[in-house]
2 protein chains.
Amino acid sequence: MSTLRMSRPYHHGDLRTALLDAALQAVEAGGHATLSLRDLAQGLGVSHAAPYRHFANRQALLAAVAATGFARLAEAWLAAWQGAGTTGAGPTDTGPAARLRVAARAYIGFATERPGLFRLMFQGPPPPGAEAAFAGLQATVAAALPGAPEATVKARTIAMWSAMHGFAWLCLEHRIRPAMLGPLAPGAMLEAVLDAALGPQG
Amino acid sequence: MSTLRMSRPYHHGDLRTALLDAALQAVEAGGHATLSLRDLAQGLGVSHAAPYRHFANRQALLAAVAATGFARLAEAWLAAWQGAGTTGAGPTDTGPAARLRVAARAYIGFATERPGLFRLMFQGPPPPGAEAAFAGLQATVAAALPGAPEATVKARTIAMWSAMHGFAWLCLEHRIRPAMLGPLAPGAMLEAVLDAALGPQG
DNA sequence: TCCGCAATGTTGACATTGCCAACTCGAAAC
DNA sequence: GTTTCGAGTTGGCAATGTCAACATTGCGGA
């Protein structure tokens, strides 16, 4: 029975997505290590066991968050890649290598702007959607290497992914910091990594 | 008083290093996320609060483990680099790029052979010793680029570190798996990453 | 040699947390 | 209107990190 007046309805309405949203926010704010299911539930005005009606356990919730992270990353990647290719067909049209470079900056930007989410995405068992990430990457790399054999495309994809992912991670975790760079500007080191991964002609 | 006979001595002797050893083993076996101070203490035949006499908290113990990990990684890196340079001065002598390539393989081998430790090392606040890792890397890269300006050396160091670290991490977390490679052999993709990071002439 | 002290270890406790079982509520199907 | 079942609640348990208070021991100085 409603204890007094205006008591919250017994059913939340859409607790599942509310949990996902709150978890995403918590992961971005404090990292997945400190996320507490009970905190989440309390924040949503719901009892401490309610989350278990929608997620088998903490790990399942985190996996779902990671999956949405992969969707957003793929979105950002593709948007950057497509955006870089729609500058008209004139002589200033962006070549395929330059488009890849723009996309790579989006990848690294995503990582540094959402470090908590990015860390979660690339830790532990791959969540659903992580698999498609490689396929999307490979498709854009293939577009930059028309006519190349599949093995070459895969090799270049892995090389590029490794370079930009490693750089993103090392920046994220402050293993690479501007202080250690001396004369090298932060932007320049990003370009150096991309030069090595894509060739300086990009 | 000793409850009966042969009771363990009240003082452990060297609990600090015993804790470090046990923690290292636990991290390599099950990952740092599941490491429990109480388990560790029980395994060493010591009460559950004893670890707090040597480490302020769980995080401090993990940081110490990570620090020894960095020491071992630097050791492996340097050993590979030096080992690759002592093949005599004949025409088969290894060039600087090839030596870097051997060292990079050692880096990736370290990561894949000790995934739990490697994950710990590159997560959270950098432990003492992490700083020196970059300096060691840079020294070997500098040796491969005699006469190059500092900015170039730093740029190449970061590019190489990013590539090999990213590749190691993605393999570690099974984001890169042999199954997704198709015609590309596992060894070949490693070489492709190193080609991109070092130039194919290495 | 004896005493005191600081380092090291122990016991007990507390709060937090993930997770489970049993129960309840209420909306939708029949 | 009755039934049913998904969704939420209460209560509890075990594990864990951490702290406070106490115990033990070895070592250095009187």
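Labels below follow one simple rule: chain letters A, B, ... track the order of the sequence lines, proteins then strands, and each chain is numbered from 1.
The shortest side-chain heavy-atom distance between A:Leu181 and A:Met189 falls under the 4.5 Å cut-off. Side-chain contact between B:Glu113 and B:Phe118: absent, with no pair of heavy atoms (C-beta onward) separated by less than 4.5 Å. Looking only at side-chain heavy atoms (C-beta outward), B:Lys154 and A:Met180 stay at 4.5 Å or farther from each other. Counting heavy atoms from C-beta outward, B:His32 and B:Met121 have side chains that stay 4.5 Å or more apart. A heavy-atom distance below 4.5 Å is not found between the side chains of B:Val141 and B:Trp161.
Rounded to an integer number of Å, the gap from CG of A:Leu37 to C1' of C:dC20 is 14 Å. What separates CG of A:Leu44 from P of D:dA7 is a distance of 16 Å, to the nearest Å. Atom pair B:Tyr52:OH and C:dG9:C1' shows a separation of 15 Å (rounding to whole Å applied). The CD-P distance, from A:Gln42 to C:dA15, rounds to 16 Å in whole Å. Following rounding to the nearest Å, B:Leu40 (CG) and C:dG9 (C1') show an atom-to-atom distance of 16 Å. Separating the CG atom of A:Leu35 from the P atom of C:dC19 is a distance of 11 Å, rounded to the nearest angstrom.
Looking at which nucleotide of DNA chain C each of B:Arg38 and B:Leu15 is closest to, the 5′-most match is held by B:Leu15.
Taking each heavy atom of B:Ala26 and B:Leu35 in turn, the nearest pair found is CB-CD1, 3.8 Å.
The phosphate of C:dG18 (OP1 or OP2) has a side-chain N or O of A:Ser36 nearer than 4.0 angstrom.
DNA chain C is contacted by B:Arg53, B:His54 of residues 53-64 of chain B, taking any non-hydrogen atom closer than 4.0 Å.
Fit an axis to the five pairs at each end of the helix from C:dT1-D:dA30 to C:dC30-D:dG1 and the two axes sit 0° apart, to the nearest 10 degrees.
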With ring-ring contact (aromatic ring centres under 6.0 Å, His included) as the test, would you mind laying out the steps for B:Phe70 and B:Phe122 before giving the verdict? CA-CA 10 Å; B:Phe70 272 104; B:Phe122 287 96; 5.3 Å; yes

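Distance from the side chain of A:Ala50 is smallest to D:dG8 among C:dT10, D:dT10, D:dG8.
For A:Arg114, the salt bridge (Lys or Arg N to Asp or Glu O under 4.0 Å) partners at least two apart in sequence or on another chain are A:Glu28.
Using a 4.0 Å heavy-atom criterion, one finds that A:Ser47 contacts the bases of the nucleic acid, with or without backbone contacts as well.
Below the 3.5 angstrom threshold, one finds a donor paired with an acceptor across the side chain of A:His48 and the base of D:dG11.
Between the CD1 atom in B:Ile158 and the CD1 atom in A:Ile176 there is a gap of 4.5 Å [rounded to 0.5 Å].
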